[in-house]
S.K.: 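Please find one structure pasted underneath; my questions will follow.
Below, chains carry the letters A, B, ... as their sequence lines are ordered, and counting in each starts from 1.
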There are 2 protein chains.
Amino acid sequence: MDKCEQCIIRQFNSLKALTRDELVRISDCKTFKTIKKGEVLFEEGQRIDGVYCIKKGVCKLSKISDNGRDQIVHLVKRGDLLGERSLINNEVSNLKATALNEMQVCFIPKVEIINDLKKNPNFTMDVLKNMALSLKASDNVIVDMAQKTVKQRLALMLLYLEEKFQFRENGSLNIYLSREDVASIIGTATESAIRLLAEFKKKELINLKGKEIFLLNKTSLKQISEGL
Amino acid sequence: MDKCEQCIIRQFNSLKALTRDELVRISDCKTFKTIKKGEVLFEEGQRIDGVYCIKKGVCKLSKISDNGRDQIVHLVKRGDLLGERSLINNEVSNLKATALNEMQVCFIPKVEIINDLKKNPNFTMDVLKNMALSLKASDNVIVDMAQKTVKQRLALMLLYLEEKFQFRENGSLNIYLSREDVASIIGTATESAIRLLAEFKKKELINLKGKEIFLLNKTSLKQISEGL
DNA sequence: CAAAAAATATGATAAATGTCATATTTTAAT
DNA sequence: ATTAAAATATGACATTTATCATATTTTTTG
């Protein structure tokens with residue numbers, strides 16, 4: 001396990017604002033963990049008491065609705081921090097975190113982070129900035145969920161996946177999602193997601209090979225997402 | 001116009017974390033403004049360069065979707081701060097703010113707030129906490145928008161309005177919304193909102209007198225919101 | 001006050017989406 | 001390799017919701 005002060009991952013998140021001394025201190029008390037695909041990092045309602053720094057892999061953050069369906073609210077990947085919000089408000093987690101593939105994470109206990117928040121204004125400011133960005137993104141998602149059709153949201157999601165995860169060597173999106181997960185992201189029934197994916201494929205906007213998705217016509221996808 | 005250090009409104013928001021000296025300084029450079037019902041405080045895409053402290057009244061924060069419909073993302077009332085996020089990220093506003101009734105607001109220039117964020121960790125921490133709370137709330141709205149029917153969302157909204165705005169003396173919700181605004185909050189067509197309100201009235205869950213809404217059966221509204 | 005404009009209301013219909021049933025394919029387990 | 005289980009796919013149908021038309025009521029304006 002790397003030492004934090006030598007780990008490049010921190011460049012992708014707020015930990016980059018910490019001083020060398022602070023990193024050394026954190027390095028000494030952090031724990032390392034491997035999570036298998038499908039395993040749950042933490043449950044909705046669980047006390048986390050710390051922050052996860054994602055070293056490898058992707059997980060979904062979801063919340064179960066009254067109707068029993070899981071809604072995926074965020075996808076979190078390498079470089080992202082997880083659990084800051086619950087930590088800041090001293091609350092149990094509002095969301096459930098499930099690994100979408102094999103993950104490697106470092107866990108930093110709460111006291112350490114709180115300590116840094118109190119003493120290093122650069123760190124606090126960076127956390128604040130990221131939170132403000134997340135808030136803007138969330139507002140935009142609310143608008144899309146409320147105003148766009150399922151078809152528009154699927155097109156939007158495909159473009160978002162490319163932006164966030166890029167492509168594999170063969171040109172497919174660099175993330176595997178089950179049809180159920182796709183439905184959970186755009187907020188629809190699994191059958192509807194499957195049907196629309198098939199429709200997109202038929203129209204040659206995308207190609208599907210198992211869980212691999214290829215974007216063939218991004219211009220059209222963009223237009224569909226905008227309702228044109 | 002009150003001086004900030006004597007103004008009770010600040011108790012309701014992060015300004016309560018400021019010291020007396022800081023308040024005095026802010027008081028000297030703030031400006032006071034009255035906004036009439038229907039007037040726009042700021043537009044989507046507009047640079048705000050400061051923070052509004054709402055002294056009186058209510059406004060809606062909305063974003064226009066590709067389909068041309070406005071989606072209301074937040075309702076902001078007396079005591080709330082407005083514009084922190086844009087300020088923190090140094091971005092233009094992501095949302096449009098429109099007064100729902102006559103408002104009185106104080107405007108605090110950006111430099112002053114930035115100054116306090118840098119020097120007063122209590123203030124920063126309070127802003128951070130509020131932002132974390134907003135983020136949790138936004139995540140919950142995303143789930144509701146994605147997973148609940150329009151009827152469920154209407155029931156949910158009515159209960160939310162009571163919680164946020166309480167009742168007038170006559171027992172009606174202490175906020176006036178047009179049917180269009182109701183639709184804009186729950187993310188549906190105006191006609192659908194009208195129909196569902198009529199249905200709720202017929203079932204004696206609510207009563208309607210013009211723009212006044214009376215909640216007659218909160219238990220049932222709760223059940224409807226949960227899909228029972 | 002009268003006329004015009006805006007908001008609210010309601011019906012008819014179309015489109016979108018969910019639900020249930022079932023078939024097929026893929027993956028996992030023995 | 002064979003069977004079982006899970007995921008994906010597709011059809012039929014019901015329900016929800018949007019859209020358009022139009023009527024009625026309320027509010028605004030001159």
Side-chain angles (χ1 to χ4, degrees), chain A residues 36-39 60 65-71 98 100-102 144-157 175-203 206-213 224-225 227-228, chain B residues 36-39 60 65-71 98 100-101 144-157 176-203 206-213 224-225 227-228:
Chain A
K36 291 202 201 81
K37 177 180 170 181
E39 277 186 2
K60 58 178 176 182
S65 181
D66 295 320
N67 64 12
R69 270 216 289 258
D70 229 27
Q71 176 65 32
T98 313
L100 290 179
N101 48 35
E102 172 153 319
D144 291 337
M145 284 293 177
Q147 297 289 348
K148 288 188 190 290
T149 64
V150 176
K151 191 185 289 187
Q152 288 180 291
R153 303 203 300 263
L154 177 61
L156 208 58
M157 184 207 71
I175 182 175
Y176 290 147
L177 294 171
S178 68
R179 302 295 189 258
E180 194 181 355
D181 280 339
V182 169
S184 272
I185 293 172
I186 62 182
T188 191
T190 307
E191 295 95 322
S192 298
I194 290 172
R195 258 182 258 271
L196 287 171
L197 281 171
E199 185 188 324
F200 281 8
K201 181 178 179 179
K202 199 172 176 188
K203 288 182 178 163
I206 63 173
N207 197 12
L208 300 169
K209 283 184 185 165
K211 287 195 171 36
E212 288 189 318
I213 301 177
I224 287 174
S225 78
L228 304 177
Chain B
K36 292 202 199 81
K37 178 178 169 179
E39 276 186 2
K60 59 178 176 183
S65 182
D66 295 321
N67 64 12
R69 272 216 288 258
D70 229 28
Q71 176 66 30
T98 313
L100 289 179
N101 48 36
D144 291 337
M145 284 293 176
Q147 298 289 351
K148 287 186 189 289
T149 65
V150 176
K151 191 185 289 186
Q152 287 179 292
R153 302 204 299 265
L154 177 61
L156 209 58
M157 184 206 72
Y176 289 147
L177 293 171
S178 68
R179 301 295 188 259
E180 195 182 352
D181 280 339
V182 169
S184 271
I185 293 173
I186 62 181
T188 191
T190 307
E191 296 95 321
S192 299
I194 290 171
R195 259 182 257 271
L196 286 171
L197 281 171
E199 184 187 324
F200 281 9
K201 181 179 178 177
K202 200 172 175 187
K203 288 183 180 162
I206 62 172
N207 197 11
L208 300 169
K209 284 184 184 165
K211 286 194 171 37
E212 287 190 318
I213 301 177
I224 287 174
S225 78
L228 304 176

S.K.: Over the length of the helix from C:dC1-D:dG30 to C:dT30-D:dA1, how much do the five-pair end axes diverge, rounded to 10 degrees?
M.R.: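 Answer rounded to 10°: the end axes differ by 50°.
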S.K.: Rounded to the nearest 0.5 Å, what separation is found between the OG1 atom of A:T188 and the CE atom of A:M145?
M.R.: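 Output value for this atom pair is 10.0 Å.
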S.K.: For the atom pair CD (A:Q71) and CD1 (A:I186), what is the distance rounded to the nearest 0.5 Å?
M.R.: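 Output value for this atom pair is 9.5 Å.
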S.K.: I need the B:I185 CD1 to B:L177 CG distance, nearest 0.5 Å.
M.R.: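 If I round to the nearest 0.5 Å, the distance is 5.0 Å.
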S.K.: Can you check the A:L208 CG to D:dT10 C1' distance for me, whole Å?
M.R.: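 Answer to the nearest Å: 15 Å.
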S.K.: Specify the separation, in whole Å, of atom CZ of B:R179 and atom C1' of D:dT27.
M.R.: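 So the CZ-C1' distance, B:R179 to D:dT27, works out to 14 Å.
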S.K.: Does A:R153 reach the side chain of A:M157, with side-chain heavy atoms less than 4.5 Å apart?
M.R.: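 SC-SC contact between A:R153 and A:M157 ruled out.
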S.K.: A:K201: what forms a salt bridge (Lys or Arg N to Asp or Glu O under 4.0 Å) with it, not counting sequence neighbours?
M.R.: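 Here no residue qualifies.
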S.K.: Could you tell me whether a side-chain N or O of A:N67 sits under 3.5 Å from a main-chain N or O of B:Q147, the two making a donor and an acceptor?
M.R.: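 Side chain of A:N67 to backbone of B:Q147, a donor-acceptor pair under 3.5 Å: yes, one is there.
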S.K.: For A:T149, give me all partners under side-chain contact (heavy atoms from CB on, under 4.5 Å), at least two apart in sequence or on another chain.
M.R.: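 With neighbours one apart ignored, the set is A:K151, A:Q152.
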S.K.: Which part of the nucleic acid, if any, lies within contact of A:K211, taking any heavy atom under 4.0 Å across all strands shown: a base, the sugar-phosphate backbone alone, or nothing?
M.R.: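 Sugar-phosphate, no base atom in range.
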S.K.: Please state how far atom NZ in B:K209 lies from atom C1' in D:dT26, giving the value in whole angstrom units.
M.R.: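 Answer to the nearest Å: 17 Å.
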S.K.: Once you apply a heavy-atom cut-off of 4.0 Å, does A:R69 come out as touching a base, just sugar-phosphate, or nothing?
M.R.: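 Sugar-phosphate: the residue A:R69, judged by heavy atoms under 4.0 Å, touches backbone atoms but no base.
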S.K.: Quick check for you: to the nearest 0.5 Å, what is the distance between B:S225 atom OG and B:K148 atom NZ?
M.R.: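 NZ of B:K148 is found 5.5 Å from OG of B:S225.
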S.K.: Enter the distance from A:K36:NZ to A:E102:CD here, rounded to the nearest 0.5 Å.
M.R.: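 A:K36 NZ to A:E102 CD: 8.0 Å, rounded to 0.5 Å.
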S.K.: Under 3.5 Å, side-chain donor or acceptor atoms of residues 189-197 of chain A against the rest of the protein: list the pairs with distances, not counting sequence neighbours.
M.R.:
none

S.K.: Which of residues 183-197 of chain B sit near DNA chain C, with a heavy atom under 4.0 Å from it?
M.R.: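 Heavy-atom contacts with DNA chain C come from B:E191, B:I194, B:R195.
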S.K.: First contact, last contact: which nucleotides of DNA chain C are these for chain A, 5' to 3', heavy-atom distance under 4.0 Å?
M.R.: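 The footprint of chain A covers C:dT17 to C:dC20.
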S.K.: Using heavy-atom distances to pick each residue's nearest nucleotide on DNA chain C, tell me which of A:K151 and B:E180 is more 5'.
M.R.: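 That would be B:E180.
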S.K.: In Å and rounded to the nearest 0.5 Å, what is the CD1 to CG distance from B:I206 to B:L154?
M.R.: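 Taking CD1 in B:I206 and CG in B:L154, the distance rounds to 6.5 Å.
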